[in-house]
Amino acid sequence: MAKRYWLMKTEPDAFSIADLERLGVTAWEGVRNYQARNHMRDGMKLGDEVLFYHSSTKPPGVVGLARVSRESYPDPTAFDSKSKYFDPKSKPDAARWMMVDVEYVATFPATLSLEELRAVPGLQDMPLLRKGQRLSVQPVSADEYRIVKKLGMRARSR
DNA sequence: GCCAACGTTGGC
DNA sequence: GCCAACGTTGGC
């Protein structure tokens with residue numbers, strides 16, 4: 001199947017692109033939304049490329065690139081009663097929550113902000129830009145990915 | 001900190 | 001199975 005493209009949101013106070021760069025690879029634990037889980041479980045394949053998005057920060061926006069390095073497997077934090085992501089309804093033999101591993105690819109020279117993205121022709125249909133969109137794992141088209149990557153990797157003076 | 005937009009829960 | 005209440009997300 002053709003490679004797919006995604007956008008993954010994170011609050012940088014919890015986990016940032018700098019954290020990913022330092023670690024190299026991370027398990028995308030803690031997703032507790034069915035639609036986001038379905039994207040990880042059913043959609044994400046090894047080598048798929050990811051726009052890494054910082055939310056609840058100033059400014060929110062895409063800050064770098066990552067890649068799927070392991071396809072979906074059960075999220076162990078759901079089984080851990082001491083974890084803030086604990087879900088007693090998820091059992092090891094019938095895991096409700098799945099995650100993927102993501103590896104670091106690149107950090108943009110500057111945040112490509114949500115405000116800037118809204119002004120870019122060709123991105124108007126991105127789920128991210130839709131009013132009320134909260135999904136933390138979203139699909140991105142190949143064209144949208146190419147446009148965002150190009151703008152993000154370009155060094156800009158501000 | 002506010003609050004709109006969603007998703008989930010639970011009473012009925 | 002409906003839907004009100006509640007909790008969360010996340011931009012502003």
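The CZ-P distance, from A:R37 to B:dT8, rounds to 10 Å in whole Å. Computed from coordinates, the A:L114 CG to C:dG10 C1' distance equals 10 Å when rounded to whole Å. Atom CD in A:E11 sits roughly 8 Å away from atom C1' in C:dT9 (whole-Å rounding). One interatomic measurement links the two molecules: CG of A:L135 to P of B:dA5, which rounds to 17 Å at whole-angstrom precision. In this entry the distance linking CG of A:D87 with P of C:dG7 reads 17 Å, nearest Å. Going from atom CZ of A:R134 over to atom C1' of B:dT8 covers 10 Å, rounded to whole Å. Distance A:H54 NE2 to C:dG11 C1': 16 Å, rounded to the nearest Å. If you take CG of A:L128 and P of C:dT9, they are 16 Å apart, rounded to a whole angstrom.
For A:Y53, a side-chain nitrogen or oxygen approaches OP1 or OP2 of C:dG11 to under 4.0 Å. Between C:dG10 and A:K9, a contact under 4.0 Å exists linking OP1 or OP2 to a side-chain N or O. At B:dC3, none of the side-chain N or O atoms of A:K131 fall inside 4.0 Å of OP1 or OP2 (strictly under the cut-off).
The side chain of A:K89 lies closest to B:dT9, out of C:dG10, C:dC12, B:dT9.
Under the side-chain hydrogen bond (donor to acceptor under 3.5 Å, both in side chains) test applied with A:E49, the options A:Y145, A:Y5, A:W6 reduce to a single match, A:Y145.
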